[in-house]
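See structure below.
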There are 2 protein chains.
Amino acid sequence: MKLKDQNTEAIILDAAKLIFMEKGLYGARMQDIANQAGINKALLHYYFRNKERLFDEVFGGALERYFQNMEIISDESLPIMERVLTYSNRFVHFLAEYPQMSIFLIKEISSNQALFHLKVKGIKKDKKYSLLTVLNEGIQNGELPSLDPVVFLMNLHSLCAYPFVAAPIFQVICQSSGVQWDDSNHEKLLNSISDFIHYKLSKTRI
Amino acid sequence: MKLKDQNTEAIILDAAKLIFMEKGLYGARMQDIANQAGINKALLHYYFRNKERLFDEVFGGALERYFQNMEIISDESLPIMERVLTYSNRFVHFLAEYPQMSIFLIKEISSNQALFHLKVKGIKKDKKYSLLTVLNEGIQNGELPSLDPVVFLMNLHSLCAYPFVAAPIFQVICQSSGVQWDDSNHEKLLNSISDFIHYKLSKTRI
DNA sequence: TCATGGTTTAACCAAATGGTTAACAAAAGT
DNA sequence: ACTTTTGTTAACCATTTGGTTAAACCATGA
């Protein structure tokens with residue numbers, strides 16, 4: 001029975017992820033999730049006591065993967081520029097793989113900041129460096145030019161994440177101008193971000 | 001009666017805007033809106049037949065103002081660089097004034113792309129130029145260096161809008177790193193965007 | 001084989017919620 | 001004054017929805 005057990009649990013989580021991602025906490029219906037998973041609604045409550053617990057599971061998982069990817073730059077063996085480049089690369093690839101993740105996080109965080117706060121604290125506890133500390137360090141020891149690290153962080157995240165967050169908007173904008181915006185643009189996007197990083201973090205600014 | 005009439009309608013719209021912005025279409029409850037407006041729930045249905053109509057009113061209004069601000073660059077008397085700078089400036093100021101607008105649009109668009117599509121078509125019909133066409137023009141006549149206008153558009157919008165969209169996330173990130181992220185950063189943000197525009201649109205690239 | 005315990009379901013329940021009705025209030029027209 | 005129109009409300013209704021219950025199902029070990 002253990003086999004089947006783990007299986008349905010995973011199936012439920014996948015279904016819940018899909019539905020929650022699409023509809024959010026309020027929009028999602030337990031029945032929809034049950035249908036998606038191909039099981040009875042009561043079974044949802046058997047595995048995850050209620051809607052919030054199920055949501056928490058999905059949400060927590062998403063957050064963990066999110067931060068996991070955000071914290072990869074702590075590798076001190078590489079120059080900071082290199083780390084930031086890899087970091088943004090992985091960030092974009094991560095978002096490309098889970099396109100709804102970003103918007104999902106933002107949706108839910110904006111309507112339930114408290115939960116997010118707690119989860120982050122739990123996850124960040126065991127992480128040593130954040131991009132911010134790394135940047136500050138680099139500025140102080142002269143590896144980076146002097147710049148406002150918070151603004152840079154904001155800019156960088158904007159360039160990486162917004163294209164996925166606002167994909168629906170852009171599809172319409174581009175469409176109505178006769179251009180296409182699809183996955184083939186990821187490479188161009190990455191190039192422009194690399195360009196930005198080099199521009200901002202090179203010691204030889206103009 | 002005309003006086004009171006217009007008044008309650010406006011009150012309802014304000015209340016609906018507030019609640020819808022915060023909770024979205026699904027999350028918002030008619031009762032909440034009625035309470036916020038200080039009136040009976042039935043009165044909502046008296047003025048706006050049902051929830052969707054009321055939502056449409058709020059949503060349509062938001063969209064119109066949004067696009068109104070996005071289309072100001074059509075002033076041909078100015079050099080393109082100037083126009084783009086003003087454009088991004090106004091964009092940021094607009095979002096600063098309606099911080100939830102962007103996230104609201106994204107939320108609703110992502111769960112109801114069709115409506116958005118229609119509304120945009122209706123609004124864009126009477127607009128002559130979009131940022132894209134202006135950019136393309138500038139590239140062709142040599143006023144701008146050769147660059148991918150779609151990617152630039154994406155980058156620019158990202159830099160402007162994401163800080164507002166992701167404000168909740170950033171507040172937590174910054175907080176857990178001991179930094180502050182509040183309105184005082186708008187100016188820094190604007191500077192960094194100006195810098196980006198100059199970097200990208202100057203003919204004298206490095 | 002059959003008792004046991006985890007798994008799954010159909011049927012049900014109570015609360016929430018969008019929407020309606022009928023009656024009342026207040027202004028405007030006559 | 002009184003009739004009509006417009007604005008407003010309390011009470012109500014039907015449906016949806018999260019959650020529960022009791023019974024059935026089924027693999028496994030005694």
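To find a chain, count down the sequence lines: A is the first, B the second, and so on, and within it residues start at 1.
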Between [atom2] of [N] and [atom1] of [X], the distance in whole Å:
| X | N | atom1 | atom2 | value |
| --- | --- | --- | --- | --- |
| Ile39(A) | dC25(D) | CD1 | C1' | 16 Å |
| Ile33(A) | dG18(D) | CD1 | P | 8 Å |
| Gln31(B) | dT9(D) | CD | P | 12 Å |
| Tyr47(B) | dT9(D) | OH | P | 10 Å |
| Phe55(A) | dG19(D) | CZ | P | 14 Å |
| Asn35(A) | dT9(C) | CG | P | 12 Å |
| Lys41(A) | dG18(D) | NZ | C1' | 6 Å |
| Tyr46(B) | dA23(C) | OH | C1' | 15 Å |

(Q) Is it the case that the side chain of His157(B) and the backbone of Leu153(B) share a donor-acceptor pair, with hydrogens and angles ignored and the cut-off at 3.5 Å? (A) no
Q. Minimum heavy-atom separation for Ile80(B) to Gly138(B), with atom names?
A.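 Closest approach of Ile80(B) to Gly138(B), heavy atoms only: CD1-CA, 3.3 Å.
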Any chance you could measure [X], atom [atom1], to [Y], atom [atom2], to the nearest 0.5 Å?
| X | Y | atom1 | atom2 | value |
| --- | --- | --- | --- | --- |
| Met81(A) | Lys200(A) | CE | NZ | 13.0 Å |
| Thr8(B) | Leu13(B) | OG1 | CG | 10.0 Å |
| Asn155(A) | Phe196(A) | CG | CZ | 4.0 Å |

Nearest-neighbour nucleotide for the [X] side chain, [options] considered:
| X | options | result |
| --- | --- | --- |
| Thr8(A) | dT20(C), dT8(C), dG18(C) | dT8(C) |
| Leu43(A) | dG19(C), dG18(D), dT9(C) | dT9(C) |
| Ala42(B) | dG19(C), dT21(C), dT20(D) | dT21(C) |
| Asn50(A) | dG19(D), dA10(C), dG18(C) | dG19(D) |

What nucleic acid atoms does [X] come within less than 4.0 Å of, heavy atoms only: base, sugar-phosphate, or nothing?
| X | value |
| --- | --- |
| Asn40(B) | base |
| Ala34(B) | nothing |
| Leu44(A) | nothing |

Q) When you match Arg49(A) and Arg29(A) each to their closest nucleotide on DNA chain D, which lands nearer the 5' end? A) Arg29(A)
